[in-house]
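Quick notes on the structure that follows.
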Amino acid sequence: MNDEVDAVVAAWERVRPDLELAPLQVWSRIDRLAGILAVQRKEAFAQHGIEGWEFDVLAALRRAGDPYQMTPGQLLKETHVTSGTMTNRVDRLVHRGAVTREPDPNDGRGVLVSLTEHGLTLVDAAMATLIRLEADLLANWEQTDQDRLAHYLRRLLLGSS
C-alpha cells in the first residue's frame, strides 16, 4: 500500500538519484500528518467557540492545578510564544471572561493569570472533545503499536531539540 509520500519520493529518485531520500520518507509524512491534525483540532475547538491558541493558554493554566494560575513568564514557557504575543492572548481571554489578571501577592511588580469558572468549563469540554478526536484517529491501531509509535516519536523529538 503506497501513500502520496511514496509518489513524491519516487519522483525525486527519478530526477535526483544522487540524493539519499530516507529522511523525506519520515519528515514528509510527519508534516502531512501535522496538517491533518491541525485541521481536525481546529474543528474540535470550534465546537467550543475557541481557537487553538486559546486552548493552549487555558490548558496550560488547567494543567497547573488548583488554583489554576500562572505568571505570564510561566505561560510563555508552556506555550512557546513571545511576551508580546502572550500579553495579547491574555488580554483577549480576559475580555472573553475565561481568565483574570491579578497582582501577584508574592511579587509587587508581577501579575498572575487565573482561570475563571467559565475558562475551566471551556477548557475541560474542549479537552474531552480533543481526546475523543485523537482516539478516533488512532482507532485502527493496536495499543502496543500506539505505544511503539509514541516511543519513536519521542526519540525523534528529543533528538531534534
Side-chain angles (χ1 to χ4, degrees), residues 3-5 8 21-139 141 146-161:
D3 64 13
E4 63 190 69
V5 173
V8 169
L21 298 169
L24 200 60
Q25 294 275 0
V26 173
W27 294 112
S28 290
R29 285 185 175 91
I30 289 173
D31 183 58
R32 282 166 170 73
L33 288 168
I36 291 167
L37 184 58
V39 168
Q40 295 287 321
R41 283 182 163 196
K42 183 176 179 145
E43 291 173 7
F45 297 146
Q47 292 177 33
H48 302 280
I50 63 172
E51 301 282 337
W53 67 264
E54 291 173 302
F55 178 80
D56 289 345
V57 174
L58 297 174
L61 291 165
R62 180 65 164 113
R63 290 190 311 267
D66 196 8
Y68 314 116
Q69 37 181 226
M70 300 175 89
T71 67
Q74 291 169 317
L75 282 169
L76 291 175
K77 289 178 187 168
E78 287 288 318
T79 60
H80 306 282
V81 298
T82 66
S83 177
T85 298
M86 183 54 66
T87 298
N88 183 43
R89 289 179 177 187
V90 170
D91 287 346
R92 291 171 69 181
L93 287 167
V94 166
H95 181 73
R96 286 196 64 175
V99 302
T100 60
R101 182 188 284 122
E102 305 158 1
D104 185 341
N106 300 319
D107 179 356
R109 298 173 300 170
V111 297
L112 291 173
V113 178
S114 304
L115 271 180
T116 63
E117 282 298 317
H118 172 63
L120 182 63
T121 300
L122 194 57
V123 72
D124 280 354
M127 184 61 179
T129 299
L130 178 63
I131 293 301
R132 282 192 305 275
L133 161 83
E134 292 183 354
D136 288 348
L137 291 172
L138 293 169
W141 285 61
Q146 291 181 45
D147 293 344
R148 193 173 301 120
L149 177 60
H151 169 77
Y152 288 126
L153 291 172
R154 183 180 303 107
R155 282 181 54 193
L156 265 177
L157 192 57
L158 290 171
S160 298
S161 55

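Treat the numbers as computed from the prediction; the structure is a model and nothing was measured.
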Flag side-chain contact, heavy atom, 4.5 Å: [X] against [Y]:
| X | Y | answer |
| --- | --- | --- |
| Leu112 | Pro103 | no |
| Leu58 | Leu115 | yes |
| Arg101 | Asp91 | yes |
| Glu102 | Val111 | no |
| Leu156 | Val26 | yes |
| Gln40 | Glu134 | no |
| Val99 | Ser114 | no |
| Leu130 | Met127 | yes |

Could you tell me the separation between the [atom1] atom of [X] and the [atom2] atom of [Y], rounded to the nearest 0.5 Å?
| X | Y | atom1 | atom2 | answer |
| --- | --- | --- | --- | --- |
| Leu33 | Leu153 | CG | CG | 9.0 Å |
| Asp3 | Arg29 | CG | CZ | 4.0 Å |
| Gln74 | Leu61 | CD | CG | 9.5 Å |
| Leu122 | Phe45 | CG | CZ | 10.5 Å |
| Leu138 | Gln146 | CG | CD | 4.5 Å |
| Leu137 | Arg132 | CG | CZ | 13.0 Å |

Side-chain donor or acceptor of [X] paired with backbone N/O of [Y] under 3.5 Å:
| X | Y | value |
| --- | --- | --- |
| Thr79 | Leu75 | yes |
| Thr116 | Ala98 | yes |
| Thr129 | Ala44 | no |

Between [X] and [Y], what is the shortest heavy-atom contact and its length?
| X | Y | answer |
| --- | --- | --- |
| Val81 | Thr85 | CB-CG2, 3.9 Å |
| Met70 | Ala64 | CG-CB, 4.0 Å |
| Ala60 | Glu78 | CB-CB, 3.9 Å |

Residue of the set His48, Arg96, Arg92 for which side-chain hydrogen bond (donor to acceptor under 3.5 Å, both in side chains) holds with Glu54: Arg96

N-O pairing of Arg89 and Asp56 below 4.0 Å: no

Stepwise side chain to side chain contact (heavy atoms under 4.5 Å, CB included) test for Thr100 and Val113: CA-CA 6 Å; Thr100 60; Val113 178; over 6 Å; no

NE2/His151: more than 12 non-hydrogen atoms of other groups inside 6.0 Å: yes

Working for side chain to side chain contact (heavy atoms under 4.5 Å, CB included), residues Val5 and Leu24: CA-CA 8 Å; Val5 173; Leu24 200 60; 5.6 Å; no

